[in-house]
Structure formats: C-alpha cells, structure tokens
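In what follows, a structure is listed as structure tokens, so that the remarks can point back to it.
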Amino acid sequence: MNVALLTAAGSGTRMKQDIPKQFMHINDKPLIIYTLEAFQNHPNIDAILVVCLDGWHEVLRAYANQFNITKLKWIVSGGKTGQESICNGLKCLEKEISSEDIVLIHDGNRALVSSDIISDSIAQCKIHGGAVAVIPCTEAVFKSEDGSTSNTSIPRNNLYRTQTPHTYPLKKLLWAHEMAKEKNIVNTVATCTLMVELGERIYFSKGSEKNIKITTVEDIDLFKSLLTSEREKWLK
Ligand SMILES: C[C@](O)(CO)[C@H](O)COP(=O)(O)O
C-alpha cells in the first residue's frame with residue numbers, strides 16, 4: 001500500500017493573506033485540492049492523510065467531498081513545527097497501515113507534482129529503501145555572512161535542490177522520529193535533513209522545475225501560468 005502524507009498545517013505568514021495559503025482559491029478551486037487531485041489521480045496511491053491546521057479540518061473535508069477526493073482517509077492536527085506535524089501524521093498511520101507500507105511525505109503547497117514524480121519516488125524507494133525528489137542546481141551559488149555581499153562561491157556542479165515527495169517505508173520514518181526524540185533533534189527543515197542528521201544516505205528521485213512550492217504571492221502568478229500550460233498539454 002502507498003499512502004500520501006500531505007503537510008498543510010502552516011499558517012502561511014509569508015503569503016500575507018487572511019486565510020491560510022492552502023485554502024486560497026486559485027482559478028476555480030482551493031490550492032490544496034490541486035495537490036490532492038495529483039495523488040487522487042495516481043493509480044498507485046491508495047490513501048491520503050492530510051496534516052491540517054486546527055479549525056480547518058471540516059473545511060478540508062467539505063472541499064474533498066465537493067471535488068471527489070475519495071482517497072482522503074485521515075485528517076490530523078499539525079504540531080508546533082513541520083517535524084512535529086509530520087510526526088503527528090505518522091503516529092496516526094502507525095495505527096492504520098502496515099509498517100512495511102510506503103509513505104510519500106509531500107508539501108501540500110507543491111500542487112504541480114506530476115504523475116512521473118510520484119511514480120519515480122515510489123520506484124526509487126522500492127529499490128533503495130528511501131527517495132527524495134531533487135533537481136540539479138543550475139544557478140551560481142554564493143554564501144553570504146551579511147545578506148548583501150559575498151566573497152564565497154560554492155561550485156554548483158554537485159549541488160542539488162530538494163523538493164518533495166520524501167518517500168520511505170512507514171517503519172523507517174517512525175524510527176527516524178523516535179531517534180530524533182532520543183537525540184533531541186528538533187525542528188529539522190525536512191524529513192531528508194532529519195535522515196542526514198541521523199547518518200542516513202539519501203537516494204534521489206525525479207523532481208522538476210515545475211514542482212514549485214507556492215509560498216509567496218509571486219508564486220501564485222507562476223502557478224497560474226504553469227497550470228495553463230499544463231492544462232493545454234492535457235487537452236492536446
Ligand atoms: C521539504 C521542502 O520542500 C524541501 O525543499 C522544504 O524544506 C519545505 O520547507 P517549508 O519551509 O516547510 O515550506
């Protein structure tokens with residue numbers, strides 16, 4: 001069984017809007033529904049869990065019904081950090097699915113995740129025991145101490161930018177969060193960074209420049225234009 005765990009518990013302060021970004025309507029539907037549809041429509045995804053902001057669970061359930069997201073099985077509350085939110089989702093799954101089942105952790109605001117990305121994530125996880133979606137770094141990268149100047153460039157040829165999904169068997173994720181508690185590792189940026197802190201090797205899966213994280217108002221414009229071009233492709 002393959003289960004998508006979507007994180008949608010952020011309050012979206014970087015978007016500077018009255019409602020959380022995952023519930024903002026873009027064209028004809030809320031942002032989180034685009035992400036849910038990507039997993040709903042993938043033949044190898046069996047069920048979906050969403051880690052959601054308190055106060056928004058019923059809204060999410062109503063939208064899921066409206067847009068026929070039948071694979072949405074569980075909605076759980078987020079924690080104080082992203083790491084805690086993911087842990088809450090995993091604790092729920094521990095009671096519901098087998099520890100051998102595969103869990104794809106995905107940012108709820110990466111709404112343009114493609115079927116190929118999901119398929120490759122599952123495939124690489126089956127081969128290597130884990131998979132993290134990445135894309136090569138194509139820009140020059142500088143390190144700055146003061147935020148406005150630099151004299152340190154970092155060669156980009158072996159740099160990769162991580163995206164999501166981050167995909168592992170449930171038992172590996174539960175192990176990582178147990179170890180994080182034991183070692184007092186808190187507030188890691190993502191599952192992949194937690195794994196690295198625990199000494200694990202990360203195996204890459206396919207990402208895409210289009211698999212954007214919608215964080216700011218500018219990202220919404222980009223999302224809308226990418227959506228139009230993707231829809232045109234489907235219609236051809
Ligand atoms: C998980 C992630 O998408 C990898 O690039 C990213 O770290 C998420 O960051 P956020 O600050 O939780 O949106």
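Small disclaimer: the values here were computed from a predicted structure and weren't measured. Whatever order the structure lists ligands and atoms in, that order sets their numbers, starting from 1.
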> Would you say ligand 1 has an N or O under 3.5 Å from any N or O of His166?
Replying inline: no
>> Strictly below 4.0 Å, N to O, side chains only: are Lys183 and Glu197 in salt-bridge contact?
In response: no
> Going by the atom numbers of ligand 1, which of them fall below 4.0 Å from some non-hydrogen atom of Val189?
Replying inline: 7 (O)
> So Phe204 and Tyr160, would you call those rings parallel, tilted or perpendicular, with 30° and 60° as cut-offs?
Replying inline: tilted
> When Gln83 is tested against each of Thr188, Thr191, Thr193 for side chain to side chain donor-acceptor pair (under 3.5 Å), which residue passes?
Replying inline: Thr188
> Is any N or O atom of Asn109, backbone or side chain, closer than 3.5 Å to an N or O atom of ligand 1?
Replying inline: no
> Is Arg161 near ligand 1, meaning one of its heavy atoms is under 4.0 Å from it?
Replying inline: no
> Counting only N and O atoms by type, is there a donor-acceptor contact under 3.5 Å from the side chain of Asn27 to the main-chain atoms of Lys224?
Replying inline: no
>> Heavy atoms only: which of Gln163, Lys213, His106 lies closest to atom 6 (C) of ligand 1?
In response: Lys213
> Roughly how far, to the nearest 0.5 Å, is NE2 of His25 from OH of Tyr63?
Replying inline: 4.0 Å
> Has ligand 1 got any nitrogen or oxygen that is less than 3.5 angstrom from a nitrogen or oxygen of Thr162?
Replying inline: yes
